[in-house]
Protein chains: 2
Amino acid sequence: MEKDKKRSDCPISCSLDIFGDKWSLLIIRDMMFANKSTYGDFLKSAEGIATNILASRLQSLEENKLIEKLEHPDSKAKVLYKLTQKAIDLLPIIVEIHFWADKHFEIPADIKAMIKEAKRDKDEFIKTTTRQLKKQITTQ
Amino acid sequence: MEKDKKRSDCPISCSLDIFGDKWSLLIIRDMMFANKSTYGDFLKSAEGIATNILASRLQSLEENKLIEKLEHPDSKAKVLYKLTQKAIDLLPIIVEIHFWADKHFEIPADIKAMIKEAKRDKDEFIKTTTRQLKKQITTQ
DNA sequence: TATTTTTGCTTGCATATTGCAAGTGCAAAC
DNA sequence: GTTTGCACTTGCAATATGCAAGCAAAAATA
């Protein structure tokens, strides 16, 4: 899509360029915490992403090696999207965003519970969750 | 600008909606680490933001209470932009983004040094830097 | 076996956002 | 009193978005 866009040397900038808008990060979040893994899953998500934007973001995420497209075990009509290690490494960022959001916004109860658990022991939560996500990569 | 845009309940989404694109976060980062505080500072930044976009982002950041406009002590022609506590609370997110970028991108040497220091003792770095930024708010 | 449904997209098009260049108004310097 | 610096605004072409509709392959259903 925006392949030839200039990328500055600033690490935040070059990392944020990968995401472009909020949708890419939301897709990754949904894969991490909401067990979504197909096109339909993302489309049905509460966030309400448009189908052409979803297609574009999935393509960009794949190009940037944050997700992989695999054959779905249930059906050839389906595509299974999986996180890469590079994406799993985003977990600390996502956790911190949740903490910040929790402090400055109204958060629905169920997510608040997850945040509370993560807050109890942040490092342990990140370690455990990372291990679980990694297991999903290596098995299957 | 995009005032009436629907905001979902997802904490990542509602937080990321504040930023919209990378520019808002880059402005905050430049205020935190590059000591930038005026319109001209941001415009001259290496990132190369367009002037109308800068104006739009500064307005949105102010509306979302992440920055404040103050009189510049040197001149009435200048405007002094300052971080709020809400923005300072973003520091852990920004630090984690740098860690991630450091792992997956080429980072210029000077920034790499800062990241290295932060990595030595993350919690201490965040605590110290937060204290410094808070001092900039309260004095003056 | 024929038909309908599901799935993962693509296409068209009106609208919104961006990036660039130029301009404006006020304050300060000369 | 004229020029320069600063913080924006404005106009406009190019790009990106959001919505609805379409589409081919696979799976489910009749």
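Hydrogens, waters and symmetry mates play no part in the numbers below; they use all other heavy atoms, side chains included.
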Whole-Å distance separating the NZ atom of B:K36 from the P atom of D:dA7: 13 Å

Interatomic distance, B:I53 CD1 vs D:dC8 P [rounded to whole Å]: 15 Å

Atom-pair distance (CD on A:E71; P on D:dA26), nearest Å: 11 Å

side-chain N/O A:S75 vs D:dA26 OP1/OP2, d < 4.0 Å: no

Least distance between heavy atoms, B:L91 atom then B:F33 atom: CD1-CZ, 3.6 Å

Separation of D:dT17 C1' from B:D21 CG (nearest whole Å): 14 Å

Between C1' of D:dA27 and NZ of A:K76, the distance in whole Å: 12 Å

Atom-pair distance (CD1 on A:I67; P on C:dG8), nearest Å: 13 Å

Between D:dC8 (P) and B:H72 (NE2): distance, integer Å: 12 Å

Any side-chain donor near an acceptor of the partner, A:Q59 and A:E63, under 3.5 Å: yes

B:A50: side-chain contact (heavy atoms from CB on, under 4.5 Å) partners, not counting sequence neighbours: B:N52, B:I53

d(CD1, B:I49; P, C:dG19) in whole Å: 8 Å

Nearest heavy atoms of A:D17 and B:K22, plus distance in Å: OD1-NZ, 2.9 Å

Where protein sits on nucleotides 9-15 of chain C, one letter per nucleotide: B base, S sugar-phosphate only, - none, heavy atoms under 4.0 Å: BBBB---

Rounded distance (nearest 0.5 Å) linking atom CG of A:L26 with atom NZ of A:K36: 10.5 Å

Contact under 4.0 Å: B:R57 side-chain N or O vs C:dT17 OP1/OP2: no

Sequence neighbours excluded - salt bridge (Lys or Arg N to Asp or Glu O under 4.0 Å) pairs with any residue from residues 117-130 of chain A: A:E96-A:K122, A:D102-A:K119

